[in-house]
Amino acid sequence: MASSVSPTPLLKDQLDIVIPTIRNLDFLEMWRPFFQPYHLIIVQDGDPSKKINVPEGFDYELYNRNDINRILGPKASCISFKDSACRCFGYMVSKKKYIYTIDDDCFVAKDPSGKEINALQQHIKNLLSPSTPYFFNTLYDPYAEGADFVRGYPFSLREGAPTAVSHGLWLNIPDYDAPTQLVKPLERNTRYVDAVMTIPKGTLFPMCGMNLAFDRELIGPAMYFGLMGDGQPIGRYDDMWAGWCTKVICDHLGLGVKTGLPYIWHSKASNPFVNLKKEYKGIFWQEDLIPFFQSVSLPKDCTSVQKCYIELSKQVKEKLGKVDDYFNKLADAMVTWIEAWDELNPSAAKSDAALPNGPAK
């Protein structure tokens, strides 16, 4: 059967695609050649009685708020409502080694030659090759085709570190905050930079969740997108929060984070005035958050992601609780998240165990 994907797609049985949505998933038609071989986990936000249509031929599970409440019980309080942060529930219920998450307003981009970009394939390449967090290679990713380590790069560091996160970028609508959107309403990202680089150890970055892949076994429990949206004083910082926590833990555990390729086409700019309302407090708070994450130190006995994350929650409460009471709530939710994660993922030996009651279809 003719197909635009290879007969045996990379990691076909080891990767889930997680999509948060409030609308019909017609955008999947464009992704069909690339996504159809994979299992989808769709997390429906908002009104659970609304029926979401998924195009024919995709293998998927669909969870709505009722499912989240039923599966997690009281611990469902840690999953955001009316915010794309609800996607992290999909990470928790997945039983695969890798996750790719994409927003429903993201389409297939084209490279400068006009060829459609298989974003998923590039993310998989990023995750399956090592990172270089300890020494920067001036040709960027030394493991990419046609590249290598440059003269002066220590041979003892050329094996690299395992890659935990692959952070992709976007053409067309840039991922700007509300003030930048307001002053540059017509700006579009047309720059295609053919590069992947490792973010150095000790350096934070603004993680965008709309085109993101990670090794769930290596870093999954740190990919908590926080308390955002309905009932919370802040929104649009869910992926930022997950990115800062993840990077600090990756640095501590000797894991790598890559950014750059692949690009997707981001089709829809969100309303800057609505965004400003959601981001308003975060714009002030991030001036305290960044120094906090820059100075975080995790003790040596934090040898697992879960231990690191619980320790981080204590430090959030101790230091950021003074900034606003919201961070005390968030620190408690971080602990609840880990408890729920461990409940649904008790051990590698039971990684294929069925969920309580299973998902709704």
Side-chain angles (χ1 to χ4, degrees), residues 14-16 18 71-72 75 78-79 85 87-99 101 126-128 130-131 133-134 159-167 198-199 201-205 207 209 212-227 238-239 241-258 292-320 327 330-353 355:
Q14 298 178 66
L15 182 142
D16 278 333
V18 174
I71 289 164
L72 295 186
K75 293 186 175 70
C78 73
I79 305 296
R87 78 178 78 221
C88 61
F89 177 75
Y91 311 159
M92 186 188 280
V93 296
S94 169
K95 297 302 172 193
K96 304 286 176 61
K97 179 171 166 55
Y98 300 98
I99 295 283
T101 186
N126 293 349
L127 289 170
L128 293 183
S131 293
Y134 305 113
E159 276 186 23
T163 301
V165 181
S166 171
H167 177 254
T198 298
I199 300 170
K201 183 181 180 184
T203 301
L204 296 170
F205 75 112
M207 189 173 86
L212 178 74
F214 58 93
D215 185 322
R216 187 177 171 278
E217 288 180 6
L218 284 182
I219 201 62
M223 278 289 178
Y224 176 45
F225 276 47
L227 284 179
D238 51 331
D239 41 9
W241 181 263
W244 296 327
C245 292
T246 293
K247 186 58 166 64
V248 161
I249 293 171
C250 281
D251 287 352
H252 176 75
L253 295 177
L255 302 171
V257 177
K258 290 184 177 183
F292 164 75
F293 281 106
Q294 285 173 328
S295 63
V296 160
S297 178
L298 298 171
K300 280 186 180 170
D301 63 353
C302 287
T303 51
S304 70
V305 177
Q306 281 95 328
K307 284 180 182 172
C308 289
Y309 205 71
I310 294 296
E311 172 60 30
L312 199 50
S313 76
K314 289 176 189 166
Q315 295 189 31
V316 166
K317 187 165 264 195
E318 182 191 333
K319 294 183 179 159
L320 295 178
F327 292 102
L330 179 53
D332 290 339
M334 291 167 75
V335 175
T336 303
W337 159 263
I338 292 295
E339 289 169 355
W341 182 284
D342 286 346
E343 228 169 76
L344 292 187
N345 302 276
S347 69
K350 294 179 183 173
S351 63
D352 293 322
L355 288 173

In Å, rounded to the nearest 0.5 Å, how long is the span from CE of Met334 to CD of Glu339? 12.5 Å

Closest non-hydrogen atom pair, Gly226 against Leu330: CA-CD1, 3.9 Å

Among Trp244, Trp337, Trp241, Tyr91, which residue satisfies the ring pair (Phe, Tyr, Trp, His ring centres under 6.0 Å) criterion with Phe225? Tyr91

All heavy atoms of Thr303 vs all of Lys300, minimum pair found to be CG2-O, 3.5 Å

Decide yes or no for Val305 and Leu253: does some side-chain heavy atom of the first lie under 4.5 Å from some side-chain heavy atom of the second? yes

CD-CD1 distance between Glu311 and Ile249, expressed to the nearest 0.5 angstrom: 10.0 Å

Are any of the side-chain heavy atoms of Lys95 and Asn345 separated by less than 4.5 Å? yes

So Val257 and Phe214, do their side chains get closer than 4.5 Å, heavy atoms only? no

Tyr134 side chain to Gly160 main-chain N or O, any donor-acceptor pair under 3.5 Å? no

Could you please spell out the steps behind the side-chain contact (heavy atoms from CB on, under 4.5 Å) verdict for Met223 and Val165? CA-CA 10 Å; Met223 278 289 178; Val165 181; 3.8 Å; yes

State the SG-CG distance between Cys250 and Leu218, to the nearest 0.5 angstrom. 8.0 Å

Might you work through the side-chain contact (heavy atoms from CB on, under 4.5 Å) test for Lys75 and Thr336, ending with a clear yes or no? CA-CA 6 Å; Lys75 293 186 175 70; Thr336 303; 3.8 Å; yes

Is there a side-chain contact between His252 and Val248 in this structure, where contact means two heavy atoms from C-beta onward sitting under 4.5 Å apart? no

Take Trp341 and Gln306 through the test side-chain contact (heavy atoms from CB on, under 4.5 Å) and record every step on the way to the result. CA-CA 9 Å; Trp341 182 284; Gln306 281 95 328; 4.0 Å; yes

Does any part of the side chain of Val93, heavy atoms only, come nearer than 4.5 Å to the side chain of Leu344, both counted from C-beta? yes

Separation between SG (Cys245) and OH (Tyr309), nearest 0.5 Å, reads 4.5 Å

May I ask you to say whether Asp215 pairs ionically with Lys97, meaning some side-chain N is under 4.0 Å from a carboxylate O? yes

Check for a donor-acceptor pair, side chain of Thr101 on one end and backbone N or O of Val18 on the other, with a separation under 3.5 Å. yes

Closest heavy-atom pair, Leu227 versus Cys78, reported as atoms and distance to 0.1 Å, is CD2-O, 3.9 Å

Do Ser313 side-chain atoms and Ile310 backbone N/O form a donor-acceptor pair below 3.5 Å? yes

Output the distance between atom CE (Met92) and atom CD1 (Ile79), rounded to the nearest 0.5 Å. 4.5 Å

Beyond-backbone contact of Pro221 with Ile338, side-chain heavy atoms, under 4.5 angstrom: yes

Can you find a heavy atom in the side chain of Lys317 that is under 4.5 Å from one in the side chain of Asp332? yes

Determine yes or no for a side-chain-to-main-chain donor-acceptor pair under 3.5 angstrom, with Gln315 supplying the side chain and Ser297 the backbone. yes

Asp239 and Leu212: CA distance, side-chain angles, deciding distance, side-chain contact (heavy atoms from CB on, under 4.5 Å) verdict: CA-CA 10 Å; Asp239 41 9; Leu212 178 74; over 6 Å; no

May I ask you to decide whether Asp251 forms a salt bridge with Lys201, counting only side-chain N to carboxylate O separations under 4.0 Å? no

Does some side-chain heavy atom of Pro133 sit less than 4.5 Å from a side-chain heavy atom of Ile199? no

Separation between CD (Gln14) and CD (Glu217), nearest 0.5 Å, reads 8.5 Å

So, Thr198 side chain and Ser131 main chain: donor-acceptor pair closer than 3.5 Å or not? no

